[in-house]
Structure formats: structure tokens, C-alpha cells
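Take a look at this one; I'll ask things after.
From a predicted model like this one, the values you see are computed outputs, not experimental measurements. Quick note: numbers below take in every heavy atom, side chains included, and nothing from hydrogens, waters or symmetry partners.
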Amino acid sequence: MQIRILLTEDQKLTRIGLKALFNDYSDIEIISEATNGKEAIEKSRLTKPDIILMDIGLPDISGISATKKILEENNNIKVIMLTSHVNDIDVIAALEAGANAYIIKDIPTDILINVIRMVRNGAMCLDPQVVPFLRDKNNGVIPQRQLSKSVFKEKHSNLTQREYEVLKLIVDGQSNNDIAKTLTISEHTAKAHVCNIIQKLLVDDRTQAAVKALKEGLV
């Protein structure tokens, strides 16, 4: 299925780079471009994209304000914040506005493509760098199911105690190397624990594992 994208980015070189990147993927097509928030609102009305790749720091209204307006008019559109802004205020405001993903611009190419495909299929994706902001200040942006830790453990009793410890560190935004140092284990062992957690929680990656843990009230 073709994924139709409206690219909203005021930096010309960034737009050129993203267009060149997507040329290598037959299922992704940039159908239109916008260089500011107001233009994004207008072009979303005209083109009705599947996904908008939205920068936050636009020259008129912010990408967050544009997202809120766009989704008020058409909540079938999905928005991926692709930005260099890494702070709790923007992360929470973007998700409250309805963004489906918040991704930092230095993301590896293959992961960005996977994020686009997952968001198109209904997933919520967060860059590991922003997960700690939601852990510390989650105020309903990620709706929690309010399960107690004991109930969560009962639901996911196949998680070992060590995997539970590793999961909390994933939510903290720690890399495999950081986890290894924190728990005094090898990086290979840390990676194995992370892989096991991803499989047991039935998610696609460590970011989704962190989001699931937050949603289900584990942390």
C-alpha cells in the first residue's frame, strides 16, 4: 500500500535529502511539500495525505499548532514530528496536539522508514531520547490503564526479574551499553535481555516496549 506523505520542513536541504531518501522505497511517496505551518494546513486540506512529516520550528506558526489545526479538521491524517527539538515541553505539547510519533532528526534511515510504516498501520512511536520525559511528566498524554505493578507482572509473568529491571532502564532511555554498566553485565547480555523483552511484550522495538510499560502502569 502506497504511503502518501506531506513533507513540512522549512530547510531546503533537509527536504532535498528526505526526497532523495524516499526515492529508494516504492511504498513511500512525497505528494506535496510545505515550508511553513499555514502552508501545511492548506496542503493537508487539498492533498489529504496519509502522513505528515512535521518539523516543529517553522517560520510562522509552530509545527505543534499546525498539527492541532490539521487534526481538528481531519483526524484520519497521521503526524510524525521529525525535529531537532528535544525538551519535555515540546514532546508533551506535540503528543497532546495529536502527533502519532516524535522522532529526532538524527534517526538512522532504516528506523525512520520503519517508523513511517508502523505509524501508517496505527502504531505510536517515540524516539528513545524523549521517553524519559514521558516517564517523568506523563500526565495523560500516554493514557495509562492504571494497572498495579502486581497486576502487570501477573499479565506478563513470563518477564523475569532481571528483564523487569532492564525494562525500567529502557523506559529511562538507557542504551544497551548503559544498561550493561548499570547492571554490571556484558553488553551482549543486555542486548539479549532487551530482545527477550521485545518478544515477550509482543512489540516491534525497545521504544514500543517503553511505551507499553508506560501505558500499562508499570513505571
Side-chain angles (χ1 to χ4, degrees), residues 1 3 21 25 27-28 51 78-83 86 88 91-92 94-95 99-219:
M1 181 185 297
I3 304 173
L21 164 64
Y25 298 88
D27 61 330
I28 297 175
I51 290 176
K78 302 181 188 304
V79 177
I80 296 174
M81 291 294 180
L82 185 61
T83 181
V86 189
D88 57 344
V91 172
I92 293 173
L95 296 179
N100 303 85
Y102 196 105
I103 304 300
I104 308 306
K105 284 184 176 178
D106 62 1
I107 186 173
T109 296
D110 57 336
I111 297 180
L112 175 59
I113 297 300
N114 285 336
V115 166
I116 290 170
R117 289 169 176 163
M118 288 190 294
V119 166
R120 178 66 180 85
N121 291 325
M124 176 181 181
C125 298
L126 300 174
D127 195 289
Q129 294 182 58
V130 308
V131 170
F133 298 141
L134 298 181
R135 179 209 61 193
D136 295 337
K137 299 192 176 184
N138 182 23
N139 57 357
V141 174
I142 296 180
Q144 289 190 2
R145 292 169 59 184
Q146 302 300 333
L147 301 183
S148 67
K149 290 185 180 181
S150 61
V151 172
F152 182 95
K153 284 178 150 182
E154 190 176 320
K155 269 195 75 160
H156 301 289
S157 56
N158 54 347
L159 283 180
T160 67
Q161 182 60 37
R162 177 61 92 185
E163 288 165 354
Y164 177 71
E165 293 171 356
V166 171
L167 180 58
K168 289 193 290 185
L169 297 176
I170 291 173
V171 172
D172 283 340
Q174 292 197 18
S175 66
N176 290 345
N177 185 48
D178 294 332
I179 291 170
K181 291 177 180 177
T182 299
L183 298 179
T184 319
I185 57 178
S186 70
E187 187 169 355
H188 177 77
T189 300
K191 183 177 180 180
H193 285 314
V194 171
C195 290
N196 288 339
I197 290 167
I198 289 170
Q199 291 176 356
K200 290 181 179 182
L201 295 186
L202 303 177
V203 294
D204 295 322
D205 56 38
R206 63 193 297 134
T207 301
Q208 289 188 29
V211 170
K212 186 167 186 176
L214 285 167
K215 280 185 176 179
E216 300 203 0
L218 176 59
V219 293

Side chain to side chain contact (heavy atoms under 4.5 Å, CB included) between L201 and L159, intermediate numbers included: CA-CA 9 Å; L201 295 186; L159 283 180; 4.2 Å; yes
V166 versus H193, closest heavy-atom pair with distance: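 Taking V166 first and H193 second, the nearest heavy atoms are CG2-CB, 3.9 Å.
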Would you indicate whether the side-chain heavy atoms of L169 and L183 approach each other to under 4.5 Å?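 They are in contact (side-chain heavy atoms under 4.5 Å apart), so the answer is yes.
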Rounded distance [0.5 Å steps], CD1 in I170 versus OG in S175: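 Reported to 0.5 Å precision, the distance equals 11.0 Å.
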Hey, mind stepping through I51 and I80 against side chain to side chain contact (heavy atoms under 4.5 Å, CB included) and telling me if it holds? CA-CA 7 Å; I51 290 176; I80 296 174; 3.9 Å; yes
Which pair of heavy atoms, one from M81 and one from A99, lies closest together, and at what distance?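 Nearest heavy atoms, M81 then A99: CG-CB, 4.0 Å.
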Write down the atom of A209, the atom of I197, and the distance for their closest heavy-atom approach.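 Heavy atoms of A209 and I197 come nearest at CB-CG2, 4.4 Å.
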To the nearest 0.5 Å, what is the distance between CG on L167 and CG on N196?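 Reported value, rounded in 0.5 Å steps: 12.5 Å.
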Can you measure from CG (N114) to OG1 (T109) and round to the nearest 0.5 angstrom?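 Atom-to-atom, N114:CG and T109:OG1 are 11.0 Å apart.
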Considering only NZ, NE, NH1 and NH2 on the basic side and carboxylate oxygens on the acidic side, decide whether K168 and E165 come within less than 4.0 Å.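 No, this pair does not count.
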More than 12 non-hydrogen atoms from neighbouring residues, nucleotides or ligands closer than 6.0 Å to NZ on K105, yes or no?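 Counting neighbours around NZ of K105, more than 12 heavy atoms of other residues, nucleotides or ligands fall under 6.0 Å, so yes.
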From E187 CD over to N176 CG, what is the distance, rounded to the nearest 0.5 angstrom?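 Between atom CD of E187 and atom CG of N176 there are 6.0 Å.
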Using the rule given for side chain to side chain contact (heavy atoms under 4.5 Å, CB included), can you reason through L21 versus L112, listing the C-alpha separation, both sets of side-chain angles and the distance that settles it, and then say yes or no? CA-CA 10 Å; L21 164 64; L112 175 59; 4.2 Å; yes
Nearest atoms (heavy-atom pairs only) where Y102 meets I104: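 Looking at all heavy atoms of both residues, the closest pair is CE2-CD1, 4.0 Å.
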Exam field: side chain N100 to backbone V79, donor-acceptor pair closer than 3.5 Å: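 Answer holds: yes.
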Please report the shortest heavy-atom distance between Q208 and M118, naming the atom on each side.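 Between these two residues, the closest heavy atoms are NE2-SD, 2.9 Å.
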Working to the nearest 0.5 Å, report the span between NE2 of H188 and NZ of K191.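 The NZ atom of K191 is 8.5 Å from NE2 of H188, to the nearest 0.5 Å.
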Closest approach of I103 to C125 (non-hydrogen atoms, all atoms of both residues):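 Minimum heavy-atom separation between I103 and C125: CD1-O, 4.3 Å.
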What is the distance from atom CG of N121 to atom CG of D204, rounded to the nearest 0.5 Å?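 The CG atom of D204 is 9.5 Å from CG of N121, to the nearest 0.5 Å.
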Apply side chain to side chain contact (heavy atoms under 4.5 Å, CB included) to residues Q129 and V91 and explain how you reach the verdict. CA-CA 10 Å; Q129 294 182 58; V91 172; over 6 Å; no
